[in-house]
Structures are given as C-alpha cells and as structure tokens.
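Convention: sequence-line order gives letters A, B, ...; per-chain numbering from 1.
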Protein chains: 2
Amino acid sequence: MVGQIVSAGRGSKRKAPARSEGERQAKLQAILDAALDVFLEKGFADARLDDVASRAGVAKGTLYLYVPSKQALFEAMVRSGIGGPVGAIEQTIPDPHVSAEDQLRALFHFLRTEILGTRRRDIVRLLLMEASRFPELAEVYHREVIARGLRILRSIAERGVARGEFRSDEIVRFPQLAIAPALVALLWTSLFQRLDPIDIEAMLEAHLTLLMRALKGHPS
Amino acid sequence: MVGQIVSAGRGSKRKAPARSEGERQAKLQAILDAALDVFLEKGFADARLDDVASRAGVAKGTLYLYVPSKQALFEAMVRSGIGGPVGAIEQTIPDPHVSAEDQLRALFHFLRTEILGTRRRDIVRLLLMEASRFPELAEVYHREVIARGLRILRSIAERGVARGEFRSDEIVRFPQLAIAPALVALLWTSLFQRLDPIDIEAMLEAHLTLLMRALKGHPS
DNA sequence: GTATAATGACTGTCCAGTCAGTCATTTCAT
DNA sequence: ATGAAATGACTGACTGGACAGTCATTATAC
C-alpha cells in the first residue's frame, strides 16, 4: 500500500527539533504547491521530481524527507487540496429558514467562487485525469467529496419536495443531474476555453433557470 | 509539429506492392485496436510500444512502418475512432417531420447506443484525459465532434423555439446544458461505476423529463 | 532473383530513488 | 563565555531499470 503521506515527525521528545514544526509545515506546503504546478503542466507520468524540487527551492533528496515516493507526493498534493470546502458547505447550506431554491443557488455560488474560480478547479481536473491510474485515490475522492456533495444536494431536493416547493423527485433520484453543468464548465474551461470561450457564469445561471422551471413547473 | 498520422502510403506507383492495400489496412487496424487497449489501460505515458506490438501480433519495428512515432500512433488511434458517427447524425436528425422533442430524444438514443454503450466511450474518456498534453488533438476533437454536435443541438433548439414548441432559448444559447448529463454518465461509468453504480439510462431519461418540462413549461 | 516486409537485439536517453557527505544549529564541558 | 562535539536537515552525483526509436539481418512474395 502507499502508506503515510509524510514521514512521521521525529519520535524522540527529548531533544528540541533542529527545525520547528512550523518551518517543516511551510516547506511541505512549498513542495506540495510546486508539485501541483508540475503535475498540472505535465501530468503524473511526465512530471519530473527534479522540477518539483527546484520549483520548491530544495534539492531532490529533500523531497524524500517529506514524502516517500512520487506517487505519495501526488496523493498528498491532492488530499491537501480538496479536503477543506466540503465540510464548510455541509455546515452552512442546510439552513431551514431559506427555500430549497435559495439553497441550490447558494450551492452554485459556492461552486463558482470556491472551486471553479480557484486552483481547486485544476486539482479536480488533474484528479479526473489520473483517477484511473490511482483507483485508491479515486475512491477517497468519491467518498470524501462526491458522495458528500451529492448527499447535500439530495437533502436539499428532498426538502424541496417535502415542503411542496418542488413538484417532482428527479433530483432526489439523480442529484448528479443538478451539478452536471458545473462539471462541463470545469472541463470546458480547462480544455476548450481558449478555442471557443463560453460565459460560464451565464451558462450556470441559465441552467438554474431551467432547473427551477422544471422542478417547480406543472408536471405535464 | 506533429505531422501526418500515418506514414504516407508508398509514393512509387512503379512497383506492385508486396502486400495489398487491403492487407495493409487490416494490419493498421489491428495496430490501432491494440493501441487503444494499451493506451486505455496505462494512459499515454505509461503505455509501452512493445505491448502494443505484441497485442497486435507484430514486432515493435513493424509499428514504425505504419506510424512514425508513439504520439502519432495515439493521434491516429483517436482520429480513426471518433470520425464516423457525427456525420451520420447530421444526416438523420434534422428531419422536419418530427417534433424538436423527438429529435432531442433521438439524439440521446444515439448517444446511448453509439457512444456510451460502445468502445467510443473509452476513446472519448482517453481523449479528455490526455487532451491537455495534445492541444492539437483537442482542437481537432473540438472542431470535428464538439462543435458539430453542439451545432446540431442548437439547430434542434432553434427549431423548437421557432415552431413554438419550446418557450425559452437557454438551450439555444448554451446547448452544452443539454448534453452535460451525458458527459457525467460517461465519466461516472469510467471512474465510479464500480464504487457506486448508477442506472445511466434512467438518469438520462430523468434528465430528458426535466429538460422537456423546463423548455415547454410556463416561464413563471 | 530481387524488392519489400518484418523482425528483435541494440542504443541512447531519461529519471525515480539512494546515500555518503556537508553544514548550520544546538548541546555540553570547561 | 567559548570552543568542541553531536545532531539531523539538506544536498546532488550516482545507479539501475525502463523504454522509444533504430537498423542490420532474415523472411516472404512475386
């Protein structure tokens, strides 16, 4: 198995560390940042650890003091990049005072500002690209991000149905349908924006318009 | 630049070829099929040409009689795999006797049977994965497949609006919204179906239900 | 007999991972 | 205080294996 992400801190408590934990964390972060740049530019297989090292301002050997292998570096980089925001939204979205529609809109606002508009977008793209080579990482991502995100979406949809705001349950059954356009936006931005730019914000707005009309309209 | 896909057929017309053109094509096809298997399994960078060769039943040197480089092999494989079906649908879909809804449903049926349910699904996935390493190929794919597909979709939507069948123009403006769930289906199948299976057909059916209700319903 | 197709051993390059050595910092003896 | 010893973070030249692409040789078709 791939094992731990970072070699465990020194075992002895007797001697003060020559480098503080803070310095150690900062250097690890610099390495992970550099790794993201290089992996994004070249993909996993073509990324060279010499490049990661020089971009992080360390020698190649130093990488191995923080991470046991190239694969572990990749995994550490992804994990450190995706963990945060899902938890935040699990806290803020399920406010019972606002309508399901507003919850959905808040979720999309969050997607736009916290993922599509940031570095995380690239991490997700990189993860999608390499996922079949890292089944274990795909599993982590599915469990920690996808499944939780879909759970939030489903609970919003269920609440919308329960309070009569939505007249049908397609989104309860397939919450993927609600975020599908965000995925298209993510991939389009990375692959085709240069060739054929689209206005992502307007597209997502149009999607919400359609979705709301479909959910609230008369089921013919 | 990357240059031609396949080493140009023999230039000389003076000598009869020792292998007929048919044999040559068949062997090329065997090589491309083998290449698809191997590239799918390993990704571009980790695919070994020895594996492609042995799977195609030839020696490695033989590959270079058909293709000038690994990259050219990848490109040839992708191009030979994606060309066909778009043209077919451009012919059959725009029948003025059927409703825009039926045209859309026919398009989705086509997507399910001709792409999602076949080897082409994997080619598309592979292409998405490697696209940033092959900008030229991404451009070809955008021009030959994406742009044409979206054009068909847009023309269906325009016709729906023109004949009063659809009451709003979001799909005219962003035809990507209509096929977004198909992309999710494609990626989900490849990455997560094993962990968390979903019924793709039912999901796409639910999408069409929602989409039709949104397009036909009262714009509140 | 000869031209072409096919072969596979070989070569040169690239790079992940290693490890003997360096050096800045801390600890300790006086 | 002060210098010597200990520590361990850091370095980068090196190694071993992998693999794309080559080409002298062999097989095959006509």
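Put simply, the side chain of A:Phe44 reaches to within 4.5 Å of the side chain of A:Lys70, judged on heavy atoms. At least one side-chain heavy atom of A:Leu183 sits under 4.5 Å from a side-chain heavy atom of B:Leu187. The closest side-chain heavy-atom distance from A:Asp46 to B:Arg133 is below 4.5 Å.
Using a 4.0 Å heavy-atom distance criterion, B:Ala47 is classed as a sugar-phosphate-only contact.
The side chain of A:Lys70 contributes an N or O atom lying less than 4.0 Å from OP1 or OP2 of C:dA16. Taking side-chain N and O atoms only, B:Lys60 has no distance below 4.0 Å to OP1 or OP2 of C:dA9. Phosphate proximity of C:dA6 to B:Tyr64: absent, as no side-chain N or O sits under 4.0 Å from OP1 or OP2.
Counting to the nearest Å, the C1' atom of D:dC10 and the OH atom of A:Tyr66 are 9 Å from each other. Atom-to-atom, NZ of B:Lys27 to C1' of C:dT7 comes out at 11 Å; the value is rounded to the nearest Å. Computed from coordinates, the B:Leu63 CG to D:dG21 C1' distance equals 11 Å when rounded to whole Å. Atom CG of A:Leu65 is separated from atom C1' of C:dC19 by 11 Å (rounded to the nearest Å). The distance from atom CG of B:Asp51 to atom P of D:dA18 is 13 Å, rounded to the nearest whole Å. Between the CG atom of B:Leu49 and the C1' atom of D:dC19 there is a distance of 8 Å, rounded to whole Å.
Set against D:dG21, D:dC19, C:dA6, the side chain of B:Ser69 has D:dG21 as its closest nucleotide. Of the candidate nucleotides D:dA20, D:dC10, C:dT7, D:dA20 has the atom nearest to the side chain of B:Arg48.
Of the two residues contacting DNA chain D, namely A:Val58 and A:Asp50, the nearest-nucleotide position lying further toward the 5' end is that of A:Val58.
In terms of heavy-atom proximity, A:Ala56 sits nearest to A:Ala30 at CB-O, 3.8 Å.
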